[in-house]
Amino acid sequence: MSVLWYRVPLILAAACVLFACSSPTQSVTFKPPAGWEASPSLFGFQAWHPSDNKQTLVLFRFPVAANVNQALSQSNFRQFNANTRQRIKICGNQPAVFLSGTGTGSQGDQNVEMIITTVKGATYMAIYARDRGLHPNSQAETAIRSLCPKPS
């Protein structure tokens, strides 16, 4: 599969077992595009993709608050080159960091956009990756910004 972020690194899975990771949507809402197929939720990770498998959404939940650099290093994103990095607000007033850039997967280069935010002491990372040359899906771009805290 050409999607760079679709597979969970074994290190992340092992870390989540040790730290008791739960569903990535435990404390947040997340709205993938209609019709995208979901993977099972496993170890604080879930992915969604359309039938063409040329793009994917990934949601990670880390059980601790982490800064952007920590989240990226724990996620094994060694092949990600950020072109844009900016502090933004999502869901009204929720602080987040937006990153966009390129990554290299097993079958080529991809464009990557991600949102990282902390909710109730856990760090969430929503990623939209697509094959280079593929036009962005506006619903997928909206989905990564739908990472909102659930009402208490």
Side-chain angles (χ1 to χ4, degrees), residues 1-9 12-13 16 21-63 65-69 71-72 74-120 122-152:
M1 178 175 294
S2 65
V3 178
L4 177 65
W5 312 112
Y6 184 68
R7 299 183 192 221
V8 182
L12 177 62
C16 280
C21 289
S22 58
S23 168
T25 58
Q26 174 179 324
S27 297
V28 297
T29 60
F30 187 72
K31 299 172 187 161
W36 286 40
E37 184 178 329
S39 71
S41 173
L42 182 66
F43 303 120
F45 165 88
Q46 190 162 12
W48 295 262
H49 60 88
S51 59
D52 67 5
N53 286 328
K54 293 182 179 188
Q55 52 191 335
T56 194
L57 287 171
V58 178
L59 180 60
F60 289 99
R61 178 187 183 276
F62 301 96
N67 67 35
V68 173
N69 293 332
L72 289 171
Q74 291 296 315
S75 301
N76 203 22
F77 291 121
R78 291 186 251 278
Q79 297 175 332
F80 175 69
N81 300 308
N83 299 329
T84 302
R85 179 178 177 159
Q86 53 190 182
R87 294 187 181 281
I88 62 170
K89 300 280 184 176
I90 56 174
C91 311
N93 202 27
Q94 174 68 27
V97 174
F98 172 76
L99 294 112
S100 68
T102 58
T104 302
S106 60
Q107 296 182 14
D109 293 334
Q110 294 187 312
N111 292 318
V112 180
E113 298 173 31
M114 66 180 75
I115 299 284
I116 301 172
T117 191
T118 300
V119 175
K120 295 183 180 177
T123 300
Y124 292 84
M125 180 184 293
I127 302 163
Y128 170 45
R130 65 185 182 280
D131 288 354
R132 299 243 0 230
L134 189 66
H135 291 288
N137 179 307
S138 62
Q139 292 177 349
E141 290 178 319
T142 299
I144 63 172
R145 288 171 173 78
S146 73
L147 191 59
C148 301
K150 286 182 179 174
S152 298

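Numbering starts at 1 and runs along the sequence shown. These values consider heavy atoms only, across backbone and side chains, with no hydrogens, waters or symmetry-generated copies.
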Does some side-chain heavy atom of I88 sit less than 4.5 Å from a side-chain heavy atom of I115? yes
Full working for side chain to side chain donor-acceptor pair (under 3.5 Å) between Y128 and E141: CA-CA 7 Å; Y128 170 45; E141 290 178 319; over 6 Å; no
For the residue pair A143 and K31, what are the closest heavy atoms and their distance? CB-O, 3.2 Å
What distance do T118 atom OG1 and Y124 atom OH have between them, rounded to the nearest 0.5 Å? 9.5 Å
The reported gap from CD in E113 to CG in L57 (rounded to nearest 0.5 angstrom) is 10.0 Å
Here the pair of heavy atoms bringing A126 nearest to L147 is CB-CD2, 4.0 Å
CD1 on I116 to CE on M125, rounded to 0.5 Å: 3.5 Å
Applying side-chain contact (heavy atoms from CB on, under 4.5 Å) to L59 and W48, what does each step give before you reach the verdict? CA-CA 9 Å; L59 180 60; W48 295 262; 3.8 Å; yes
Donor-acceptor pair, T117 side chain versus P95 backbone, under 3.5 Å? yes
Before giving the answer on side-chain contact (heavy atoms from CB on, under 4.5 Å), spell out for Q110 and Q55 the whole-Å C-alpha distance, their side-chain angles and the decisive distance to 0.1 Å. CA-CA 9 Å; Q110 294 187 312; Q55 52 191 335; over 6 Å; no
I90 versus F98: any side-chain heavy-atom pair under 4.5 Å? no
About how many Å separate OG of S146 and CD of Q139, when rounded to the nearest 0.5 Å? 11.5 Å
If you look at every heavy atom in T56 and A47, which pair is closest and at what distance? OG1-CB, 4.3 Å
Validation row: C148, Q94 side chains within 4.5 angstrom (heavy atoms): no
Just wondering, are more than 12 heavy atoms of other shown residues or ligands nearer than 6.0 Å to NZ in K120? yes
Any sub-3.5 Å donor-acceptor pair from T84's side-chain atoms to L99's backbone N or O? no
Can you check side-chain contact (heavy atoms from CB on, under 4.5 Å) on M114 and I144, steps first, answer last? CA-CA 7 Å; M114 66 180 75; I144 63 172; 5.7 Å; no
Counting C-beta onward and ignoring hydrogens, is there a side-chain heavy-atom pair between N111 and T102 closer than 4.5 Å? yes
What I'd like to find out is whether the side chain of E37 reaches to under 4.5 Å of the side chain of S51, using heavy atoms alone. no
Rounded distance (nearest 0.5 Å) linking atom CG of D131 with atom CG of D109: 9.5 Å
